[in-house]
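Keep in mind that this is a model prediction, so the values were computed, not measured.
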Amino acid sequence: MSIFDDLVGQEAAVYELQRAADAARAVNQRSAIDVTGQSSSSDVAAQAMSQAWLFTGPPGSGRSLAALSLAGALLCTGPTPGCGVCPQCIAVMERNHRDVTLVTTDHVTISAEQVRQYVASSYVAPTSGAWRIIIIEDADRMLTRTTNVLLKAIEEPGARTVWMLCTAAVADVLPTIRSRCRNINLVTPQAQQVADLLVKRDGVEPRAALVAARAAQSHIGLARALATDPHAASIRSKTLNVLAKLKGVGDAALGAHLLADTIAMRGDGVTRKEALDEDTQAIQAQRMAAFGLDENAKVPAAVRSQVKESAEAARRRQTRQERDVLDREMVYMLSFYRDVLVRQMGGRVELINVDYEQAIDRIAAGSTTHDTLEKLDRISQGRERLRANVPAQLVMESVLVQLR
């Protein structure tokens with residue numbers, strides 16, 4: 001067993017990460033870190049270890065998992081780095097190790113203030129392991145001023161600190177950052193490899209696992225959600241059902257109303273207002289408890305501004321979640337018409353949406369490749385408009401009217 005076992009289809013990356021973990025252990029065993037806490041950096045570099053990493057690859061390739069796996073291997077106390085069964089490895093993979101900090105956000109961006117806190121803590125010695133490790137998921141969500149805060153810490157890291165940044169492409173971070181990081185590029189695994197992982201790790205039925213893996217286009221996290229989470233599966237099925245039944249303007253208007261309501265798309269009967277109110281109330285209760293106040297008590301004037309900030313944070317969190325769901329719906333639409341185009345051109349590649357094969361064949365027979373290419377363009381334009389904060393209802397109506 002190895003901590004890298006879940007990195008399916010990433011043999012080249014696993015080889016480099018294992019080399020780094022082996023090198024780090026060899027350095028520690030030779031006491032390369034002296035009593036002053038200064039490391040032999042040239043020796044470390046020669047042994048394939050680095051204190052700054054940049055994990056890149058397409059969505060679902062396992063960037064965050066690769067960073068966690070390397071963190072576990074660096075802190076591992078088993079006979080081989082990354083044994084996957086020692087307490088250190090287990091704690092890291094369960095995301096509760098004291099020396100591993102995961103930087104993420106529910107908002108649209110990672111703030112400079114948030115990163116400053118982690119930069120300050122990066123110069124503190126680890127509590128129990130050989131390294132203090134800071135993993136920044138979605139590093140592309142850092143604005144330029146935020147990245148500049150991070151630059152000095154990556155350029156001159158603490159003696160026992162390792163920085164790991166995760167993003168889709170090296171171009172997502174500033175050249176000054178990526179030039180100081182060692183890049184590990186991950187690839188999209190095959191759908192069958194993802195399906196095998198779902199069967200082995202999550203106990204999913206083989207046929208359902210393969211359907212989910214193809215529908216997710218080998219995105220490991222999404223495939224798991226489609227196979228095990230009814231809410232995620234509901235969003236996909238409702239999106240594709242709209243396309244399969246789309247005929248006239250009336251269908252387009254009704255479909256747009258459904259797709260734009262990201263809360264209703266989950267299928268749990270909760271409205272957008274109810275979801276926001278519930279999130280806001282939960283955050284407010286936590287804030288009141290932190291001040292030693294009953295959640296039903298009147299908010300004192302001294303803490304009213306902080307409680308208000310909590311409500312604003314809930315709104316920003318929901319905004320990001322809505323954007324992510326809307327973009328995922330658009331991706332499902334693109335995959336659907338990609339399959340239509342494959343059928344029209346007689347391609348021998350596998351369909352993404354194998355469970356919608358009949359609808360795909362029907363639409364392919366009733367339209368031309370030119371029509372399908374135009375539809376793909378319209379959906380891509382819709383994604384761009386959503387990113388520009390055009391109201392979701394208007395975007396969906398515009399796209400679906402042109403797809404009918």
Side-chain angles (χ1 to χ4, degrees), residues 1-8 10 13-14 16-29 32-33 37 39 44 47-55 57 61-106 110 114-139 141-142 150 153-154 157-167 181-182 184 186 197 201-202 220-221 224 286:
M1 182 177 180
S2 169
I3 203 169
F4 300 110
D5 285 348
D6 287 350
L7 287 173
V8 296
Q10 311 295 344
V14 168
E16 293 299 325
L17 298 179
Q18 189 69 69
R19 284 184 63 223
D22 292 342
R25 175 169 291 191
V27 168
N28 290 335
Q29 290 175 344
I33 299 178
S39 63
V44 171
Q47 293 290 333
M49 178 54 188
S50 172
Q51 288 183 256
W53 296 79
L54 178 61
F55 292 90
S61 56
R63 300 185 301 257
S64 298
L65 178 59
L68 275 174
S69 299
L70 176 57
L74 291 176
L75 296 171
C76 177
T77 55
T80 302
C83 68
V85 295
C86 72
Q88 302 282 354
C89 285
I90 293 173
V92 171
M93 298 312 291
E94 291 181 351
R95 296 174 176 246
N96 62 7
H97 195 287
R98 290 178 295 175
D99 292 327
V100 179
T101 302
L102 293 169
V103 182
T104 184
T105 182
D106 291 326
I110 299 175
Q114 185 180 4
V115 171
R116 283 193 185 96
Q117 297 175 8
Y118 297 117
V119 168
S121 66
S122 71
Y123 293 98
V124 178
T127 57
S128 59
W131 302 94
R132 176 173 296 279
I133 300 167
I134 303 175
I135 301 173
I136 301 182
E137 299 179 343
D138 299 323
R141 292 186 183 270
M142 294 189 298
L150 186 62
I154 287 183
R160 299 174 67 186
T161 297
V162 179
W163 288 91
M164 301 182 188
L165 280 62
C166 306
T167 188
C181 295
R182 181 173 177 187
I184 295 293
L186 305 177
L197 177 63
R201 185 184 65 186
D202 303 301
I220 298 173
R224 184 177 186 273
Q286 293 172 3

Mind listing the closest non-hydrogen atom pair of [X] and [Y] along with its distance?
{"X": "S61", "Y": "L186", "value": "OG-CB, 3.8 Å"}
{"X": "W163", "Y": "P157", "value": "CD1-CB, 4.3 Å"}
{"X": "P81", "Y": "Q18", "value": "O-NE2, 3.0 Å"}
{"X": "C86", "Y": "C83", "value": "N-SG, 3.3 Å"}
{"X": "S128", "Y": "H97", "value": "OG-CE1, 3.8 Å"}

Within the structure provided, determine whether [X] and [Y] are in side-chain contact (heavy-atom separation under 4.5 Å).
{"X": "Q51", "Y": "W131", "result": "yes"}
{"X": "F55", "Y": "L17", "result": "yes"}
{"X": "V162", "Y": "M49", "result": "yes"}

Taking only residues two or more places apart in sequence, or in another chain, which ones meet T101 in a side-chain hydrogen bond (donor to acceptor under 3.5 Å, both in side chains)? none
Residues which pass side-chain hydrogen bond (donor to acceptor under 3.5 Å, both in side chains) with E16, listed by chain and number, not counting sequence neighbours: R19, R182
Please check this pair: side chain of D99 against backbone of G129, looking for a donor-acceptor N/O pair closer than 3.5 Å. yes
Under a 3.5 Å cutoff, is there a donor and acceptor pairing between the side chains of T104 and D138? no
Results of side chain to side chain contact (heavy atoms under 4.5 Å, CB included) for V124 - residues two or more places apart only: R132
Sorted by chain and residue number, the side chain to side chain contact (heavy atoms under 4.5 Å, CB included) partners of R201 (sequence neighbours excluded) come out as D6, L197, L198, I220, R224
Nearest 0.5 Å, please: how far is [atom2] in [Y] from [atom1] in [X]?
{"X": "C166", "Y": "I184", "atom1": "SG", "atom2": "CD1", "result": "11.5 Å"}
{"X": "I154", "Y": "T161", "atom1": "CD1", "atom2": "OG1", "result": "11.5 Å"}
{"X": "I136", "Y": "M164", "atom1": "CD1", "atom2": "CE", "result": "11.5 Å"}

Could you list the residues that satisfy salt bridge (Lys or Arg N to Asp or Glu O under 4.0 Å) with R98, not counting sequence neighbours? none
If you look only at distance, which donor and acceptor atoms sit under 3.5 Å apart when one is on a side chain in residues 62-77 and the other is two or more places apart or in another chain?
{"residue": "R63", "atom": "NE", "partner": "T167", "partner atom": "O", "Å": "3.3"}
{"residue": "R63", "atom": "NH1", "partner": "G57", "partner atom": "O", "Å": "2.5"}
{"residue": "R63", "atom": "NH1", "partner": "P58", "partner atom": "O", "Å": "3.4"}
{"residue": "S69", "atom": "OG", "partner": "I3", "partner atom": "O", "Å": "3.4"}
{"residue": "S69", "atom": "OG", "partner": "L65", "partner atom": "O", "Å": "2.8"}

For the pair I133 and V92, evaluate side chain to side chain contact (heavy atoms under 4.5 Å, CB included) and give the outcome as yes or no after the intermediate values. CA-CA 10 Å; I133 300 167; V92 171; over 6 Å; no
Step by step, work out the side chain to side chain contact (heavy atoms under 4.5 Å, CB included) result for L150 and V119. CA-CA 7 Å; L150 186 62; V119 168; 4.3 Å; yes
